[in-house]
Amino acid sequence: MAGSVAGHGELNEMPELPEVETVRLGLAAALEGRRLKRVEARRGDLRKPFPERFAARLAGRSVLSLRRRAKYLLLDLDHGETLIMHMGMSGRFTIHARNAPASGSGKHDHVLFETDEGVRIVFTDHRRFGLMTLAPTEELDAHPLFEGVGPEPLDDDFTPAVLSAALKGKRTPIKAALLDQRVVAGLGNIYVCEALFRARISPKRLAASVAGARAARLVPAIKAVLNEAIAAGGSSLRDYAKADGELGYFQHRFRVYGREKKPCPVCGKPIRRIVQAGRSTFFCAHCQK
DNA sequence: CTTACGGCCTGTACGC
DNA sequence: TGCGTACAGGCCGTAA
């Protein structure tokens, strides 16, 4: 029985912070404290080439911990290197129990991991927007991938004052600013739309004007939408633990995302869809100012 | 310095 | 039925 821990139950649902966090919890259970018996990269690149001797550098290493920073997974290994992984838009991990049928040879199955327990983890990514690379654990904070990345939104030090400071002087719409990982880490199109709806802030509003009372609403709104989605993901992991097979951890219903022309859950007026910076934005023009 | 935009990649939905 | 096209969007390189 295989359990996918990057559930994409429905179209348009991409790995943002809550999904990555759910994947982290699912993978950690299979990997932490285990040794990687075998690793195989079945092609030379995803979005970027794999590093030199990628599989060989991982094979035989023990897993110390699996962490997350922004939308990246960080697999700390016992030789002082960390495997940095990003799922892009279509990446997913599937865990196969020791005696499960052969797996990992699908067209888009790009990386295979096998632990000393015989558990197989398959990374599948049909669009190959994902990324895997290696870096010294000690130097992660200075790694180019993380240079300038903003605060973790669920940390206590992500406060309205911190957000206001990051938005100060920004001439873009707040929607675009929240997608900028330098402002705050881990948000994507879905949760930005949801957070702005909760905070009753128009996605078209100038970023610099989100301060004071608006920032004071937006920060808890961001934390709430993320925490609720993580909780939903945790529920689905428990379903997986019951060997339920196909896992969809988005039982979660979004309030505005993907709901163009459907009634606003607050006022009943139709949800609107606009395009900002080439991306769909969903919002309620009546509730969000 | 900032902001804007095209390209990457492929499966899916939709119109004719 | 089949084909072509638009769309999904995180991230990055380049341009303005």
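Scope of the values below: all heavy atoms of this structure, side chains included, with no hydrogens, waters or symmetry mates.
- A sub-4.0 Å separation between OP1 or OP2 of dT10(B) and a side-chain N or O of Arg128(A) is present.
- Side-chain proximity of Tyr72(A) to the nucleotides dC11(C), dT10(B), dG10(C) is greatest for dC11(C).
- Contact annotation: Lys48(A) side-chain N/O to dC11(C) OP1/OP2 distance is not under 4.0 Å.
- Judged by distance alone, with hydrogens and angles left aside, Arg279(A) brings a side-chain donor or acceptor within reach of the base of dG10(C), the pair sitting under 3.5 Å.
- For dA8(C), the OP1/OP2 oxygens have a side-chain nitrogen or oxygen of Arg273(A) closer than 4.0 Å.
- Atom pair Lys71(A):NZ and dC12(C):C1' shows a separation of 13 Å (rounding to whole Å applied).
- When the side-chain nitrogen and oxygen atoms of Lys107(A) are compared with OP1 and OP2 of dG11(B), one or more of them lie within a distance under 4.0 Å.
- Rounded to whole angstrom, the span from the CG atom of Asn189(A) across to the P atom of dA8(C) amounts to 9 Å.
- One finds no side-chain N or O of His108(A) lying less than 4.0 angstrom from the OP1 or OP2 phosphate oxygen of dC9(B).
- Checking dC12(C), dC11(C), dT3(B) against every side-chain atom of Thr172(A), the shortest atom distance belongs to dT3(B).
- The one candidate from Arg34(A), Arg98(A), Arg120(A) that meets the salt bridge (charged side-chain N to carboxylate O under 4.0 Å, His left out) condition with Glu114(A) is Arg120(A).
- Counting non-hydrogen atoms under 4.0 angstrom, Leu145(A) reaches the backbone sugars and phosphates but no base.
- Under the 3.5 Å distance criterion, with hydrogens and angles disregarded, no donor-acceptor pair is assigned to the side chains of Ser202(A) and Gln288(A).
- Dashed line: the shortest gap from a side-chain N or O of Gln181(A) to OP1 or OP2 of dG10(C) is not under 4.0 Å.
- Computed from coordinates, the Met85(A) CE to dG10(C) C1' distance equals 17 Å when rounded to whole Å.
- One side chain, Arg273(A) or Ser280(A), offers a donor N or O that lies under 3.5 Å from an acceptor on the other.
- The phosphate of dT2(B) has neither OP1 nor OP2 within less than 4.0 Å of any side-chain N or O from Lys170(A).
- Residue Ser280(A) places at least one side-chain N or O closer than 4.0 Å to OP1 or OP2 of dA8(C).
- In this structure, the side-chain hydrogen bond (donor to acceptor under 3.5 Å, both in side chains) partners of Glu81(A), at least two apart in sequence or on a different chain, are Arg57(A), His79(A).
- The separation between Leu179(A) atom CG and dT3(B) atom P is 14 Å, rounded to whole Å.
- Rounded to whole Å, the distance from OH on Tyr257(A) to C1' on dC7(C) is 11 Å.
- One end of the helix from dT2(B)-dA16(C) to dC16(B)-dG2(C) points its axis 50° away from the other end's axis, with each axis taken from 5 pairs and the angle rounded to 10°.
- Under the 30°/60° scheme for interplanar angles, the aromatic rings of Phe93(A) and Phe123(A) are found to be tilted.
- Under the 4.5 Å side-chain criterion, counting only non-hydrogen atoms from C-beta, Lys170(A) is not in contact with Lys168(A).
- In this structure, Leu131(A) reaches neither bases nor backbone, as no heavy-atom distance under 4.0 Å exists between it and the strands shown.
- Between the CD atom of Gln276(A) and the P atom of dG10(C) there is a distance of 13 Å, given to the nearest Å.
- One atom, CD of Glu260(A), and another, P of dC7(C), lie 12 Å apart when rounded to the nearest Å.
- Between His108(A) and His110(A), the ring-plane angle classifies as perpendicular under the 30° and 60° cut-offs.
- As a whole-Å value, the separation of Asp45(A) CG from dT10(B) P is 10 Å.
- The aromatic rings of Phe146(A) and Tyr72(A) stand perpendicular to each other, their planes meeting at an angle above 60°, with 30° marking the opposite boundary.
- Comparing Gly169(A) and Arg47(A) along DNA chain B, the residue whose closest nucleotide (by nearest heavy atom) sits nearer the 5' end is Gly169(A).
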